[in-house]
Amino acid sequence: EVQLGESGGGSVQSGGSLALSCTISGVTYNGYNVGWFRQGAGEEREGLATITTDGNTTYADSVKGRFTISQDNSKTTVSLQMNNLTPADTGMYYCAVWRLGISSIVILMRPEFADWGQGTAVTVSS
């Protein structure tokens, strides 16, 4: 059973930084994507950043240059470093794991194709 756990959320002022972590266990298939997603109050979930087990990364335009996704050598922890935060970054942040060959856009439409964590809340005040 795949288990994911997010941590590192909290409250920060605009312009500040937070680092989120996602711990991963129980993945039995070779090669996968790990992504960070955000859902603001009353908004649809959006993809922010993805990293593959090979280390390839992609970012949404809204976070490019401000957020950095990375993984440790054991690939059991994926981090999201978030800098220059704005109130628009407020929301619940989720990490998810899914097989290679499926885009994060598909995952947003078909979330059952991924395993998800419970989320961690981020609040950015102006």
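Keep in mind that the numbers below use all heavy atoms, side chains included, and drop hydrogens, waters and symmetry copies. Just so you know, residue 1 is the first one in the sequence shown, and it goes up from there.
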*Asks:* How many angstroms lie between CG in D115 and CD in Q3, if you round to the nearest 0.5 Å?
*Replies:*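 Answer rounded to 0.5 Å: 10.0 Å.
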*Asks:* Are side-chain heavy atoms of W36 and M82 found at a separation under 4.5 Å?
*Replies:* no
*Asks:* Working note: I51 + Y59, criterion side-chain contact (heavy atoms from CB on, under 4.5 Å); need CA distance, chi angles, decisive distance, verdict.
*Replies:* CA-CA 9 Å; I51 189 166; Y59 294 93; over 6 Å; no
*Asks:* Of all the heavy-atom pairs spanning E46 and S62, show the shortest one and how long it is.
*Replies:* OE1-OG, 4.0 Å
*Asks:* Could you pull out the closest heavy-atom pair between L4 and C95, with the gap in Å?
*Replies:*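 Scanning both residues completely, I find the closest heavy atoms to be CD1-O, 3.6 Å.
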*Asks:* Taking the side chain as C-beta and beyond, is there a heavy-atom pair between R66 and D89 under 4.5 Å?
*Replies:* yes
*Asks:* Please determine whether the number of non-hydrogen atoms from other residues, nucleotides or ligands lying under 6.0 Å from atom CD of E112 exceeds 12.
*Replies:* yes
*Asks:* Before you tell me yes or no, could you show the steps for Q71 and I24 under side-chain contact (heavy atoms from CB on, under 4.5 Å), namely the whole-Å CA-CA distance, both residues' side-chain angles and the distance that decides it to 0.1 Å?
*Replies:* CA-CA 11 Å; Q71 61 188 353; I24 305 164; over 6 Å; no
*Asks:* Within the supplied structure, the quantity of interest is the number of heavy atoms (other residues, nucleotides, ligands) at a distance under 6.0 Å from Q39 CD; does it exceed 12?
*Replies:*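 Yes, CD of Q39 has more than 12 neighbouring heavy atoms, counting only those of other groups under 6.0 Å.
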*Asks:* Let me check something: do Y32 and V106 share a hydrophobic cluster, defined by ILVMFWY side-chain heavy atoms less than 4.5 Å apart, either directly or through other members?
*Replies:* no
*Asks:* Quick check: do S7 and T120 have side-chain heavy atoms less than 4.5 Å from each other?
*Replies:* no
*Asks:* Check whether any side-chain heavy atom of F67 lies under 4.5 Å from a side-chain heavy atom of N84, and answer yes or no.
*Replies:*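 No, their side chains stay 4.5 Å or more apart.
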*Asks:* Is V78 reachable from V2 through a run of I, L, V, M, F, W or Y residues, each pair having side-chain heavy atoms under 4.5 Å apart?
*Replies:*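 Hydrophobic grouping puts V2 with V78.
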*Asks:* Contact between N33 and I107 at the side-chain level, heavy atoms closer than 4.5 Å - yes or no?
*Replies:*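 They are not in side-chain contact.
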*Asks:* Would you kindly confirm whether V63 and V12 end up in one hydrophobic cluster when ILVMFWY residues are joined by side chain heavy atoms under 4.5 Å apart?
*Replies:* yes
*Asks:* Please tell me whether W116 and L48 are part of a single hydrophobic cluster in this structure, the criterion being side-chain heavy atoms less than 4.5 Å apart.
*Replies:* no
*Asks:* CE of M92 to OG1 of T123: how many Å apart, nearest 0.5 Å?
*Replies:* 10.0 Å
*Asks:* Of all the heavy-atom pairs spanning N83 and Q81, show the shortest one and how long it is.
*Replies:* OD1-NE2, 2.9 Å
*Asks:* Sorted by first residue and then second, give each ring-ring contact (aromatic ring centres under 6.0 Å, His included) pair with at least one member in residues 84-108; sequence neighbours left out.
*Replies:* F37-W98
*Asks:* Tell me if a side-chain donor or acceptor on Q118 pairs with a main-chain N or O of E6 at a distance below 3.5 Å.
*Replies:*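 Pair absent, no side-chain N/O of Q118 close to backbone of E6.
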*Asks:* In chain order, what residues pass the side-chain hydrogen bond (donor to acceptor under 3.5 Å, both in side chains) check against D61, with sequence neighbours excluded?
*Replies:* K64
*Asks:* Check the pair V122 / L20 against side-chain contact (heavy atoms from CB on, under 4.5 Å), numbers first and verdict last.
*Replies:* CA-CA 9 Å; V122 172; L20 306 183; 4.2 Å; yes
*Asks:* Considering all heavy atoms of both residues, which atom of S14 and which atom of S126 are nearest to each other, and what is their separation?
*Replies:* CB-CA, 4.1 Å
*Asks:* Please identify each residue that fulfils side-chain contact (heavy atoms from CB on, under 4.5 Å) with N56, with sequence neighbours left out.
*Replies:*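 side-chain contact (heavy atoms from CB on, under 4.5 Å) check on N56 returns T52, D54.
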*Asks:* For the residue pair R45 and P111, establish whether any side-chain heavy-atom pair is separated by less than 4.5 Å.
*Replies:* no
*Asks:* Cluster question for you: counting only ILVMFWY and a side-chain heavy-atom cut-off of under 4.5 Å, with indirect links fine, are L100 and V97 together?
*Replies:* no
